[in-house]
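Reading through the structure tokens given below for one structure.
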Amino acid sequence: MVREFGWKVGGKQGEGIDSTGEIYAIALHRMGYYVFSYRHFMSLIKGGHTNYKIRVADRLIRHHGDDVHVLIAFDQTTIDYNWNDMVDGGVVIFDASAFTATKPSERNVHLFGVPLTDIAKEAGGPIMKNMVAIGVTAAINQFSPDDFIPVVRDKFGRKGQAVVDSNMEALRRGYAYFLEHYNVFFPAPAKPTAPAPDHLYISGNQAVAFGALAGGCRLLAAYPITPATEIMYWVLQYFPKYGGVVIQAEDEIAAVNMAIGANYAGVRAMTSTSGPGFSLMMEALGLAGMSETPLVIVDVQRSGPSTGLPTKTEQSDLNEAVFGTHGEIPRIVLTPRTVEECFLYTAEAFNLAERYQCPVIVLSDLFMGMSFHSVDQLPVSNVSIDRGKLISDEDLARLGRWEYQRYDHTVPDGISPRALPGQRNGRHVALGNEHNGVGIEVEDLETRVNQMAKRARKLLHFNHWSGVTVDGPDRASLALIGFGSTWGVLEEAREVLANEGIEVKHIHFSRVLPFPAEAFRAAMDGVEKGLVVELNSTGQLRHLIQQFAGYHERMDSCLKFNGDPISLREILTRAREVFPTGVLN
Amino acid sequence: MVREFGWKVGGKQGEGIDSTGEIYAIALHRMGYYVFSYRHFMSLIKGGHTNYKIRVADRLIRHHGDDVHVLIAFDQTTIDYNWNDMVDGGVVIFDASAFTATKPSERNVHLFGVPLTDIAKEAGGPIMKNMVAIGVTAAINQFSPDDFIPVVRDKFGRKGQAVVDSNMEALRRGYAYFLEHYNVFFPAPAKPTAPAPDHLYISGNQAVAFGALAGGCRLLAAYPITPATEIMYWVLQYFPKYGGVVIQAEDEIAAVNMAIGANYAGVRAMTSTSGPGFSLMMEALGLAGMSETPLVIVDVQRSGPSTGLPTKTEQSDLNEAVFGTHGEIPRIVLTPRTVEECFLYTAEAFNLAERYQCPVIVLSDLFMGMSFHSVDQLPVSNVSIDRGKLISDEDLARLGRWEYQRYDHTVPDGISPRALPGQRNGRHVALGNEHNGVGIEVEDLETRVNQMAKRARKLLHFNHWSGVTVDGPDRASLALIGFGSTWGVLEEAREVLANEGIEVKHIHFSRVLPFPAEAFRAAMDGVEKGLVVELNSTGQLRHLIQQFAGYHERMDSCLKFNGDPISLREILTRAREVFPTGVLN
Amino acid sequence: MPTLQDFQTERATWCPGCGDFGVLNAMQKAVINLGIEPDDIVVVSGIGCSGKMAQHFGAYGLHSLHGRSLPTAQAVKLANRKLTVFAAGGDGDGFGIGMGHFIHAIRRNIDITYIVMDNHIYGLTTGQASPTSDEGAKTKTSPYGTVEAPIAPLQLALAQNCGFVAQGFSGNIKQLTTLIEKAVLHKGFSFVNVFSPCVTFNKVNTYEFYKSHLVNLDEDPSYDPHDRVQALRRVAEAGNVVVGLIYEDPHRQSFEESLHGYPETPMVHNDLSLGEADYETILASFR
Amino acid sequence: MPTLQDFQTERATWCPGCGDFGVLNAMQKAVINLGIEPDDIVVVSGIGCSGKMAQHFGAYGLHSLHGRSLPTAQAVKLANRKLTVFAAGGDGDGFGIGMGHFIHAIRRNIDITYIVMDNHIYGLTTGQASPTSDEGAKTKTSPYGTVEAPIAPLQLALAQNCGFVAQGFSGNIKQLTTLIEKAVLHKGFSFVNVFSPCVTFNKVNTYEFYKSHLVNLDEDPSYDPHDRVQALRRVAEAGNVVVGLIYEDPHRQSFEESLHGYPETPMVHNDLSLGEADYETILASFR
Ligand SMILES: Cc1ncc(C[n+]2csc(CCOP(=O)(O)OP(=O)(O)O)c2C)c(N)n1
Ligand SMILES: Cc1ncc(C[n+]2csc(CCOP(=O)(O)OP(=O)(O)O)c2C)c(N)n1
Ligand code: SF4
Ligand code: SF4
Ligand SMILES: [Mg+2]
Ligand SMILES: [Mg+2]
């Protein structure tokens, strides 16, 4: 029984590859399928290979899959680049109006030419070659052209009925052409029988942005940077409706300091960025920590170091998120595992930031942020707003002038209530210098130690449901270990291994700081070999585990850092190398 | 036999406390003693308590000691603040012209009033009260007033003989007054018998600056910040004589990028800063790593986080030095243990930066940087210049156009020779994007992996004599562990413990990256309990060791983070708590 | 009505005679004259002697980072438009490390008042050259004299079309108070540069120097502070040694007035939770 | 003499029709006309489409960080004064994140040439508002139109007394070439702002727009490029839509000329080791 298939369209940047993929993906999502799409693109505007991969399944899936059944190629590069991902018996459709395709190597893969551009011209214009291509693949997957009418209407409706019609015409012609000339099909799987409670198609960046809105964030200050800018776009659409503000700052330093300023004044605020911008925020991170000002920073990681590969994914800012800034501050680092968690954790980040009065870093990455995921629903009902300790006007009124101690170090949990500017009798200074209770800088030894202890104490009894999850058999002696966006692919790997008879559990961090040492140790109970899978070259998570929990001898690494997301196959290959399957045979 | 004594002068900032201490210290140093002086001051310009502590000994000493035998107090605060550091039977001299001193608690400490200001007025002006004070203490320590003539001449000579004379007059009057009225003495120890090969009095900042000059650095770009600015001052004096340049940059981001630019063009260049500035350099750090441009950054640490305690010491930038910047770069982090090493390691930093074509961070701190140390000599003859791999004009001439591969990833050690702008046929692009051999940005998977591997390979076989030192008995089962500036006080602690019959070895890091894991493991051989002593609140070195080497269960911490340098007593107290001395009794 | 009493804090830690006392005084007088409660004021400062203003002023304070008072202050204002927000700092803070934010604050035009205590020196770090140090100034970091041209703050502000530009002198608290009052009343970003002598580290740009050299444009009836190019010329001609209201454009729209959707009521009072209908609309966009 | 051939690299990756091709062309022609060998040139760029200039130009290149071309380029020049050094970047790079460095490079006055490819948009990140975007411009980050006033690069440079200020258009390569030649010849910091249309993301500030709106000051015989205040007025009057040599002060001393001890010969050829006598003198200072 077919349960899924892989589909890809590729060509030069600027050729409309994205919109082709998007239309196909949304159409299938709307039909009820679970779709996961991943965009491969380059750091230049026109030219350069780009492709759009879609995986379609009858069940919830968490990554875009390794295999391609159908590939639409607008140039030979697309064929060369993706040849090895084609399944045996797969179909490559190439634009026969533009070039004559050749097989990069002898393989059982069909190369079918379709004069996409010519057909498009007949239908009304060469620009519609992507609709022709969609028609062709609709035929291969055995959909009806009519299945696409709603999406085409959505996409082109505001340009008028004529445009909708000619696009549908192009699609139909592609459909007809294929049926007329070829005879290989990949019928789509049966639609899922149980309809999802709320079948949504959303990217990690959108989920973060929506999470921010839901979490009460009303000010985003940010500077454009791939792959984080989409968070800005989404928020720009919605914040104004809720009295919120988006500031495009002059740089990331301004952005993060703006977020601090707004939070100080009582408005939930954040900044979103990627590696280079994140590095620029290190000084301000310390200010938020020292002044106990809530702050949320979203870092959508990309391939580093430095400018690196700006359009490629990686999980290599972990070290900086955990250890960046001079001196020592309390901080929280969340690493959402799914698009649902991108939503919920970002919302939660504002609660944590206010509750613990410290910076909260949400680590996403390009793969998570820019991929679109079909999910059953978002955990909107789990969103709550907890503003932490804010002193009331009444409590302030009871105090004498200058009696209010913003930084009262005697509070048992270290968290002293904030007053907001404008409140009567709540005056104090928030600052990055060491300070006394009202925020005057002092340098005496005792105050220093008391305030350091106060700040450190805030997270000593940190309590939150984020942390470590364990999937799979409790007593497995083997473990896959990861953090953040790799959860989905690791789960699939675990399932595959289980089917092969290799019992593995899957330990995954959705928060790395405060490091959930206890939960991790519990998870490691009985584990003899852990394979830490991460998208970086030095094994940052593994080292973090070593630092906080040990297990040096019981861990091995599966690392990837070429810019592409990790594939199921790569994990499996490495797992089979590392895990002592011998004993099972 | 008296072998040392402690001396301190204190008062309000702006009162000439520093110059009092400085004159006394230099005078004693010139007499042949070993002097160590530490300045306590505050982050405001006038007012606020400041003091200048001098420890004087007949042998090389590495810190300013816990005890005060003689205290000159220009105000009551000075007495209150330093009361507990006075030895039993110690002498406090206070300015009886200014106030009437009281004892903060009943103790066997003499409070002697001397009308310092009045005597100074008689000698020519109230400003000379510090010379009177020096005269008083010269009497207490049983020097001759004439011993001070050379220093006074040096200090005031350019203002004319009259000024010299009246200052000496003030000194003599103070001397005479004391002998006339009081009768308690702390005779200075006998002068060291073996004269040092080159008896020098130098601060860590000066040593770093001198090391840079000796190491061939000819461009410093920096932005003022306490406690690093003195490096700039020293270099400003000397660079112009050697065709070097000092740029006061508009900010630290400019400073570090300037250092990168100059290094790229072939001039050894560095930047010096402290915590907040260091945090601002995180992005550029990655650029140096990615573009394989040599870069030296000196971070003279101060108390963090954020603005923290700008005039206080700490060792809390270790994490950022090791883990700062997004993505992954090769880097070297040196932590000189002594003022001699400040000199030599800074010089070496330029060799390492050019040899490994990567950033080198030198971690000093306020205590090391601003304290003055008498040392026997500086290791000037150990300085060498090794420019690493620079391709010759001849080799370039043999290549075809664009054939030169700046980033040739096939070189076995990962280090491909640099060409410098202006060289014929050596054109290439240095950049922070992932790139091919000539420095054109490319995004293909193979190049990416090859270049990542190339960069990582550079430090795989890192080879340098810096790393870990072990002092004390090889087979001791107890160890004191530290890094950087605490070496001296830890050595003393080790000696004291040895005298008490507690056999301890002292393991000290003069480099933390590449982490000298092997050497450290060898040093830990047989150690059952290591006490990691560091000036921060979270135990950063200890965690680093855990990460790279383990030993979680065998380590304990001795942490200090109130801004003051750690004292011998504090280490001993903690050591006696932690080390299982029971077995020895 | 608030009085000076209401602003009282512990005695400021500046050196006796420091120009910043005068600035503090003028700022406090200005808000008192305008009847603004201290609880409704936020002073955001950078790092420097001048940066201690946030602590000494006696309102809500945010003593931010070196060079970063402006971005921080702008967001404070956006978050609560009812507040009177000052950004305050030094010449190094504002025109050195903070220069980029300065120009961008001008173009963004959020309704805050920016006070620079321009002493032509780095005070807190004990006497290095600052971006406004006179050419040839000998300081700890310029033993042979500076070679960079000093920053021209007024001309830069005028060039970028700043809606309110004034320059004062902490030796003339009365005029400075008036200038600050006007700056606070101006809707949009107002810039007040103040010659605030550092008596400890700058022996050139002293009270005496300013007293004998300053040209007071407020006293020149022929001067029209609404002509930008003329203002530029006058400032240039006087080598920047002028005081007075240099320029005001009362018509430039502030960011708050122009921004789509920016609420009339302080954002800090926004309701943070989304209703069911909100969720429904948004979720629908993902279906 | 070098020819275009000597600068040839792989084809530039800009979109067909991108204004940056014209800038590349003009820069190459200028150095060829001046007879400068490609091996003696360094192009330091920031990040952006424009930033790719370091790779496409065909000399030594340093493709630095977003906004940091200027500090980096200044140090390259100081390290080797024989080199011809360009800093090159975009409007976001130079006037957004890099604004502080821009003003400070002007005051430092090191002999480099700064070329900004000003397309009023963030190109490489696919079309967000830039600091020079026209007021009201609708971009991906300003769906309701920008509300900030655009940066006034020429006026700022003039206000800070930049020794060489020019503005060109990549649709007029001949004039641009001449301007760049002059900029390179000028001793000290030279600033050439170039209208370099982004054909992909900016549909307003197009070739056509400039062709029909640009005022060419080079063709105005009454224009005197040595009068700073007049230059400011003209630029302001034309709403910045001018090209030509805006201002030159041939007499301003460069940093290199003014700096105490700055060597005549390229620093890169310095002898790095200290002699015994040097050590002796220095060690003596510590005794
Ligand atoms: C990022 C950073 N760099 C450097 C410093 C050190 N620092 C503190 S104040 C200051 C300059 C003070 O000069 P100015 O801004 O003119 O203020 P003033 O003290 O003269 O009022 C500097 C460089 C710092 N705190 N942070
Ligand atoms: C620190 C940092 N922030 C953001 C980015 C992302 N980024 C790359 S180019 C660019 C702006 C490009 O605009 P511009 O400078 O005008 O150059 P153009 O592409 O238009 O030539 C941005 C924001 C980055 N690379 N580094
Ligand atoms: S050092 Fe100068 S600026 Fe700082 S407080 Fe003293 S007089 Fe004022
Ligand atoms: S996006 Fe614009 S600026 Fe970038 S290459 Fe294309 S046309 Fe040029
Ligand atoms: Mg100043
Ligand atoms: Mg641009």
Side-chain angles (χ1 to χ4, degrees), chain A residues 12-15 18 39 41-50 220-241 245-255 272-281 300 302 304-311 370, chain D residues 10-18 20 45-52 54-56 63-68 90-102 119 121-131 133 137-148 151 198-201:
Chain A
K12 279 197 250 322
Q13 301 199 162
E15 261 192 323
D18 286 357
R39 245 186 94 192
F41 63 113
M42 293 176 75
S43 183
L44 46 96
I45 305 304
K46 285 193 177 152
H49 174 65
T50 184
L220 170 76
Y223 188 77
I225 189 164
T226 307
T229 321
E230 292 162 347
I231 295 172
M232 244 179 131
Y233 299 157
W234 195 92
V235 154
L236 269 161
Q237 238 182 304
Y238 286 95
F239 269 17
K241 295 184 192 151
V245 167
V246 181
I247 316 177
Q248 181 174 336
E250 56 270 31
D251 60 24
E252 288 88 348
I253 296 179
S272 49
T273 187
S274 186
F278 189 53
S279 281
L280 287 172
M281 296 179 181
V300 187
R302 65 188 208 185
S306 194
T307 311
L309 293 167
T311 61
M370 296 190 69
Chain D
E10 278 170 48
R11 192 180 151 72
T13 54
W14 292 308
C15 306
C18 175
D20 296 354
S45 71
I47 304 293
C49 293
S50 45
K52 314 229 172 197
Q55 294 176 39
H56 300 334
H63 191 169
S64 74
L65 297 169
H66 191 43
R68 315 304 172 192
D91 41 326
D93 188 82
F95 307 140
I97 189 166
M99 174 52 81
H101 307 306
F102 175 50
N119 54 15
I121 198 85
Y122 283 7
L124 188 60
T125 43
T126 73
Q128 299 83 21
S130 107
S133 289
K138 293 197 173 170
T139 70
K140 284 193 190 165
T141 48
S142 58
Y144 318 100
T146 56
V147 300
E148 296 94 341
I151 286 289
C198 171
V199 296
T200 304
F201 296 111

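Chain naming here is simple, since letters A, B, ... match the order of the sequence lines and numbering starts at 1 in each. Computed over heavy atoms, backbone and side chain alike; hydrogens, waters and symmetry mates excluded. Just so we're clear, the structure is a prediction, and the values are computed from it rather than from any experiment.
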With a 4.5 angstrom heavy-atom cut-off, which part of [X] approaches chain D: side chain, backbone, both or neither?
{"X": "T311(A)", "value": "neither"}
{"X": "P240(A)", "value": "side chain"}
{"X": "Q237(A)", "value": "backbone"}

* Highest number of heavy-atom pairs under 4.5 Å with chain D: which of P310(A), S43(A), A222(A), S306(A)? ->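 Between P310(A), S43(A), A222(A), S306(A), the count favours S43(A).
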* Pair Y223(A)-Q128(D), side-chain donor/acceptor within less than 3.5 Å ->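 No, no side-chain donor-acceptor contact under 3.5 Å.
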Taking [X] for its side chain and [Y] for its backbone only, find out whether a donor-acceptor pair lies under 3.5 Å.
{"X": "S130(D)", "Y": "Y122(D)", "value": "no"}
{"X": "E15(A)", "Y": "K12(A)", "value": "yes"}
{"X": "H66(D)", "Y": "I47(D)", "value": "yes"}

* Structure fact -> Output for pair (L124(D) CG, T226(A) OG1), nearest 0.5 Å, gives 7.0 Å
* Top contributor to chain A contacts, counting heavy-atom pairs under 4.5 Å, from A129(D), P131(D), G96(D) -> A129(D)
* Pairs of heavy atoms under 4.5 Å with chain A: top-ranked of T125(D), T141(D), T13(D) ->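 Most heavy-atom pairs within the cutoff with chain A belong to T141(D).
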* To do: Please look at H63(D) and chain A and tell me whether the side chain, the backbone, both or neither of the residue comes under 4.5 angstrom of a heavy atom of that chain.
  =>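 When you check distances to chain A, no heavy atom of H63(D) falls under 4.5 Å.
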* To do: Check each atom of C49(D) against the heavy atoms of chain A and say whether the ones under 4.5 Å are side chain, backbone, both or neither.
  => side chain
* Structure fact -> Sorted by chain and residue number, the ring-ring contact (aromatic ring centres under 6.0 Å, His included) partners of F102(D) (sequence neighbours excluded) come out as F95(D), Y114(D), F191(D)
